[in-house]
Amino acid sequence: MDEKAKKRLEKFLRYVKIDTQSNEESNTSPSAEKEYDLLNLLKEELLALGLKDAAIDEYGRLYAHLDGEEGWERIGLNSHVDTASEASGKNVNPLIHENYDGKDIVLPNGLVTSVADFPRLKNYVGDTIVTTDGTTLLGGDDKAGLAIIMNALEELIEEGVPHHPVSILFTPDEEIGRGPEHFNNERFGAEYAYTIDGADPDLIEYENFNAAHAEVRIEGLAIHPGEAKGKLINALTLLEKLDLSLGVARRPEMTEGYEGFFHLIAVKGDSASCEARYLIREHDQAKFEAMKQELLDHARELNAIYPKAKIDVHIKEDYRNMKEILGKDPRAIEHAKKAFAAANIPMRVDPIRGGTDGATFSFLGCPTPNLGTGSYNHHGEREYLSLRDFEAMIELVKKVLTVR
Ligand SMILES: [Zn+2]
């Protein structure tokens, strides 16, 4: 590993050792006090780089600005400091595998990241791979994003090359869906921005799901089963009927690419009454509206067949496909194309089968596609970072900030 790579990686290794797991149970902003441990460190580093206004607002959002060439568009960069709840982020002990041999990676506690399960590992023969020790997540999601941004800023400033004015936003609580809360677009001040929170360095994402969730409440008619014939209405049976009416082909495990789904995520109750929760996801706005209507229609039809039962459906929208915004204002995509070309990376577009904070930023006035990080297998102990991809992302972000 050369000195430059070592220096770049050092930031990432430093950030991942700070426990910043967000807390779904909490109502405060940020959700966990410990997220400040990294926010404060980043603030100090930004100040040291000369971003004199670096400051954390009352909700734990870190904003900073860097002047650039006059007349050049102000470009925003965003990442999140928190890590996911699926695996511990405490005492992260990153392991560096230099000159990776392309074979299964056996971690000290016996956990195996196998090439059979993760065939893309074969791409990294000769590369430096950073893994966990098998007991925690790595936190590349999204500390790789933070380290990419911090390295790119530092190098641009050191090199003294002309660059765009830059706006930085580091948020807590992305993993619990609260990253874009309290977003202050005026304070951010970017014409458009990029979230550095994806995986592959050749990927730009600006299409995400339209998302809603539905709360279903069913009251049946409880009668002693011995005398139930022709009278009892089992709430669980009605839920089953409602679920089947949505179509088994439109479940997450049956869909991919641009295909939407209904995802039954929780059920509680008994034969007298029950509640269920669905996620509704679809890229296409018209299809999304139709799916929501369909669920309401099926519930109504079922109620008509069983007038003595009660079936209530409440649907609430969660987020929308940012393509709606990027379609009208494609400057961020056009600019990214130039940066990818300058970095010599063929740009690939892929729909996100989920959401991204950039979608909310886009609807709040700052079009924000998502770029990669070079880290993979997020949210688990098998997470790893490719140094080659991570460095490619630093170069790409530098191009984003310097091409016109
Ligand atoms: Zn993330």
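Both ligands and their constituent atoms are indexed starting at 1 by order of listing. Bear in mind the structure is a predicted one, so any value in this text is a computation, not a measurement.
The Zn ion (ligand 1) has an N, O or S atom of D197 under 2.8 Å away, backbone or side chain. Taking 2.8 Å as the threshold, H378 does not count as a candidate ligand of the Zn ion (ligand 1), since none of its N, O or S atoms lies below it.
Ionic pairing of E155 and R8 is present here: one or more N-O contacts between side-chain nitrogen and carboxylate oxygen are shorter than 4.0 angstrom. With respect to the salt-bridge test (charged N to carboxylate O, under 4.0 angstrom), the residues K52 and D67 do not qualify.
Ring geometry, F261 versus F209: the interplanar angle exceeds 60°, so the pair is classed perpendicular (tilted spans 30 to 60°).
Seen from the ring of Y376, R120 counts as a face-on cation partner, given the 6.0 Å and 45° thresholds.
Taking the Zn ion (ligand 1) as the corner point, the angle from D141 atom OD1 to H80 atom NE2 is about 100° (rounded to 10 degrees).
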